[in-house]
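These figures come from a predicted structure and were not determined experimentally.
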Amino acid sequence: MTPTTVRRINWVGGIFTVLTVIIAVLWAFPIYWGIVSSLKPEDEVVRPYIELWPETLTFRHYWFALTQTQIGSWYINSVVTAVGVTVLTVSTSLFAGYAISQLRFPGRTVLWWLILASFMVPTQVLIINHFVLMANMSLLNSWAGIILPQLIHPVIIIVYKQFFDQVPKDFREAAAMDNASEWNVLFKIYIPMNWGVTTALSIVTFIWAWNAFLWPFLAVTRTEMMTITVGITQVYDAFGVYYAQQLAAAVLAGIPVALAYLLFQRKVTQAITLSAGIKG
Amino acid sequence: MTPTTVRRINWVGGIFTVLTVIIAVLWAFPIYWGIVSSLKPEDEVVRPYIELWPETLTFRHYWFALTQTQIGSWYINSVVTAVGVTVLTVSTSLFAGYAISQLRFPGRTVLWWLILASFMVPTQVLIINHFVLMANMSLLNSWAGIILPQLIHPVIIIVYKQFFDQVPKDFREAAAMDNASEWNVLFKIYIPMNWGVTTALSIVTFIWAWNAFLWPFLAVTRTEMMTITVGITQVYDAFGVYYAQQLAAAVLAGIPVALAYLLFQRKVTQAITLSAGIKG
Amino acid sequence: MSEIRLNNVSKSFGGVQVIDGISLEIGSGELVVFLGPSGSGKSTLLRMIAGLETIDGGTLTIGGKRSEHLAPGQRDVAMVFQNYALYPHMSVRENMAFGLKNIRMATSEIDRRVQDAARILEMDALLDRRPAQLSGGQRQRVAIGRAIVKEPAAFLFDEPLSNLDAALRVRTRVELAELHQRMQSTMVYVTHDQTEAMTLADRIVILNNCRIEQIGTPMDVYLYPSSRFVAGFVGSPGMNFLKAELSATDGKQIATLGNGSDVALSVDLPPGAYELGIRPEAVQVRATPAATTGKAAVVEKLGDRTLVHLHLDDGTSLTALDGGRSEVKPGDIVHLDFDISQLHLFDSDGVAHHAK
Amino acid sequence: MSEIRLNNVSKSFGGVQVIDGISLEIGSGELVVFLGPSGSGKSTLLRMIAGLETIDGGTLTIGGKRSEHLAPGQRDVAMVFQNYALYPHMSVRENMAFGLKNIRMATSEIDRRVQDAARILEMDALLDRRPAQLSGGQRQRVAIGRAIVKEPAAFLFDEPLSNLDAALRVRTRVELAELHQRMQSTMVYVTHDQTEAMTLADRIVILNNCRIEQIGTPMDVYLYPSSRFVAGFVGSPGMNFLKAELSATDGKQIATLGNGSDVALSVDLPPGAYELGIRPEAVQVRATPAATTGKAAVVEKLGDRTLVHLHLDDGTSLTALDGGRSEVKPGDIVHLDFDISQLHLFDSDGVAHHAK
């Protein structure tokens, strides 16, 4: 009964093919071009036309980034803050998602609307507020200052709520018949039944946190406290604007994410599709 | 047969309640505080402690934003670019999602992976590239320059693919028995069956585009070409840093989104839950 | 010692009464089936016994213990869910042990009970598998095993066969009957399938519109339905209903059908309009002229018997049961006799009166 | 003029042969049922006729026209899908008109056909509703209507009743039979439900493991199954299978059962080990000593008849069919006779031999 529909690749399919190949090229080009540019001497990069391959191949921008900058400290700062954001966000979201999905308590609906509404707040409003708040709390230029304002990820609560909602209520009732306490229901039934979601959300949160730019950029002014994504923008401060050098640093900053991607390829795909509404 | 489970609000539920109320307050507070601060005189805002209500209530920051800035042009720029981004993104994503979901063509899998992978590219790499590209194409300080780099929203393609995947293949087969062409299948069956998704994605894309900051900030240097989100950051340029004035401008910038939110409340919620993986 | 007593229990959802003062006694060791269409309240009633729905009024006694305010886990009942609700991340063994671990039972006792249940249900080999590795029938068995290990006062089954295919359903039905004979435990079983109810029940409780229509043994309910609803709901193929005018001539009672045929019968009823109910097996197809005639529209050969769907002259539909090798063909005019001992009359309120 | 001819058609999915050289002729106006368990290839075969699956080898002729390379819409067949596949955003009228609009038929002709189909199916009042506003039975009717308006050479039904509840399924089955009698059109009907096949088919094609096991009228297939598979698949309750040792004494043939009882029968077979097949209705429960005895384990009262599940001395299971008011109780020792005209013997290859 294996179903395979007869799908005719007719001329309509042909047009789609051509279109999609064009889109694919447009998509992949910036990445390719970024890497190629980082291997060009600075004067080649700023030429006012597009060259697909360096005339002179050079690795000195990489050498510069690795030896002349505080890239080591930046990596550590990025790892600490990204892991902190991931652990705190996922664990609190898990509880919040469970409470909203499964418990009936006063204010539940209001809380849910608040979480949905927090999507709608323009980032700048929050950022300015966060800045003033963090300044008042003297947390600028600290790990806590980078981490705290990044903990608001309503999407993770929503995904958890969604997945907990989808657990058939039979399981909850079977657990009630089985004398399970609320903690047992959460830790023995709901979380294990949704391990995949937790792993996937953790990976994607880590990647988000690693790539975060705007807030770390505002929250940190001391070079040694910068995360890698902020640090790489400092590469030009000392010597003026050098695109190729910046691109080399950006490639270096992206390496852990690329590695994570290659290592957890299936989980990452699952995470992306998850947060895009595709069940794993 | 209406099922209502007996959900005991025991002490565990109590703890959750307290926790969630705390979280709710933490969440709502920045928004409240932002609005309140915009109604304070500048010297009250910068006091190094937190005041929940202005000593002196003033609307002059709003008056200033409306009369002393180019907020009218900024609104127009925001509307044009947000609408442009929305229409172009949704329509191309719709085709791409349909092709990937329903057609079998060479390179389909590669394209799909590319779209998933494009989630993983650090924003900075793209932003720098985009900047150089747009500069080379002389599109900085133009609507096209603001719109084009914002058209990459893989999540919308993914959501469309997801929804088209979920259309039972019976409909495709029924349409084949009904002599429908590929265009008919798309425009008469798949799109109408997913109107809700299209509306919801359009609204959410519009809000994203309206709230976009980083790229418009880089792409535009001439004050009259700025979008409102960028424009409001210029409020302080002329007169030094005034937090309350900035907040007032931010509140003004947020009004259309807030209005859209109130008008299309159900659709917006649907859109958010959609892109978070909750089916409408 | 493990009987269940419901005394005037009621429940409403958002102002709508869904269970309206039901009283019922289920004897120790008895298998009682709640039968009714969807929306009749049968599942709600079961869930009220289980503790998964609150009881708004009345009392519930399980094994002599007042239970309406107890949590589900404390009522000494075990439930088999329609979708089995086996925890997918636990092995069969862990699924069965979960409830016992939660009450901190000794591991050795848990092991003993799991082994015993596995032996009874012949699933020793499955203990270390995950639910996903089991067939539908095996899952069903594990769900029963999870109930058995609790050694409860009563078992509650919520449409346990509805997810199995037809052939497996028939087989599992027989297995359940054997299991009940062996274990002699109190069981409450909810279904909308009248065949399951007929074949499994010691007594059937027929529910309709949130109230009890009839309580009785399967054959009581089949032969002496208390109302038109019960008569129509129980039995497959369903009972035939014909418009009839009752009159008395010479001290004999006559029901005149829509096509003018007369059927003599004996009931204590005033003359007037009634509905005449007769089961297909009491409508006999004859080769020679008989009580009335009809035209065969559709003939369904089931192998061991044949269903003849007929139209009388006035258009009334009627189904007759004939032998497996029936010669009737669509379009034939056939003669029909009625077994007058199996006639029922229903008055305008739907109340049944049975022919003597 | 609208017959369907399959000549040696075959199909494979990823190297696995799923249809292996099937030849079949479906006459004009005939209702042929493809019956088989899931995975037997019955749906694939239907979809190959429809054009929804490619045909890898062999030829397909529909109404005299070679069709194996035509697109589904060009084969002059209409299909009723299992889940109906009604376009949810279109009204019933638009659903029915969609296929006609796509071939640019004149609006007046479309209207006429939709009206005609609505009249035939008695759903004039539903034309402006959306599918979501219809009941399951009504949707099913619309799906049939969408097929009728195309006035196709043949109708293809893919398990059309499987989404209806039991009572509605029985009723719709009769309606489908009436529709076929009225329209006299060629119909191919796929099901895994042997009752549907028995009651609807002019001929049944029984598929198993991607090949045809038997083709015949329902009663042929029921009374003279060609193989053990067919014997076990058709009929409910299913045929009993007993181990038997065939021997010849004094020119008479005797089958000795596992419990030592002898059954005399007449077949042209060499002595040896066989499986004896006998349907429950051919096993008669007697009050007086008879061919053999068994112990009743489970007694299922269906109302009009009773299924007695028995165990013989040697543990063999056996089901007998008794009357609705059977007196047999679980645990009773009962006497059994076999109707020797309804005995079948199956050899080790599963081939059937029927008693004379």
Cut-off 3.5 Å, no hydrogens considered: what does the side-chain donor-acceptor table look like for residues 59-66 of chain D, sequence neighbours left out?
unit_1: D:Arg66; atom_1: NE; unit_2: D:Glu68; atom_2: OE1; d: 3.1
unit_1: D:Arg66; atom_1: NE; unit_2: D:Glu68; atom_2: OE2; d: 3.0
unit_1: D:Arg66; atom_1: NH2; unit_2: D:Glu68; atom_2: OE2; d: 2.5

Let me have the donor-acceptor pairs involving side chains of residues 184-193 of chain B, under 3.5 Å, with sequence neighbours excluded, atom names and distances please.
unit_1: B:Asn184; atom_1: ND2; unit_2: D:Asn102; atom_2: OD1; d: 2.9
unit_1: B:Tyr190; atom_1: OH; unit_2: B:Gln102; atom_2: OE1; d: 3.1

Next item on the list: Provide the closest heavy-atom pair for B:Phe171 versus D:Pro88 in the form atom of the first, atom of the second, distance.
Entry: CE2-CD, 3.8 Å

Margin query: One pair to check against side chain to side chain contact (heavy atoms under 4.5 Å, CB included): B:Glu173 and D:Met79. What are the steps and the verdict?
Written below: CA-CA 10 Å; B:Glu173 295 184 345; D:Met79 182 143 166; 5.6 Å; no

Next item on the list: Flag the one option from D:His89, D:Lys101, D:Gln74 with the top tally of heavy-atom pairs under 4.5 Å to chain B.
Entry: D:His89

Note to self: Under 4.0 Å between a side-chain nitrogen and a carboxylate oxygen: does that hold for B:Asp178 and D:Lys150?
What the structure shows: yes

Next item on the list: Would you mind checking which part of D:Leu100 comes under 4.5 Å of any heavy atom in chain B, side chain (CB onward), backbone (N, CA, C, O), both or neither?
Entry: neither

Item checked: Region of D:Phe81 that comes under 4.5 Å of a non-hydrogen atom in chain B -> side chain

Check: In Å, rounded to the nearest 0.5 Å, how long is the span from CG of D:Leu52 to CZ of B:Arg172?
Finding: 11.5 Å

Next item on the list: Evaluate the side-chain proximity of B:Met177 to D:Arg75: yes if any heavy-atom separation is below 4.5 Å, no if none is.
Entry: no

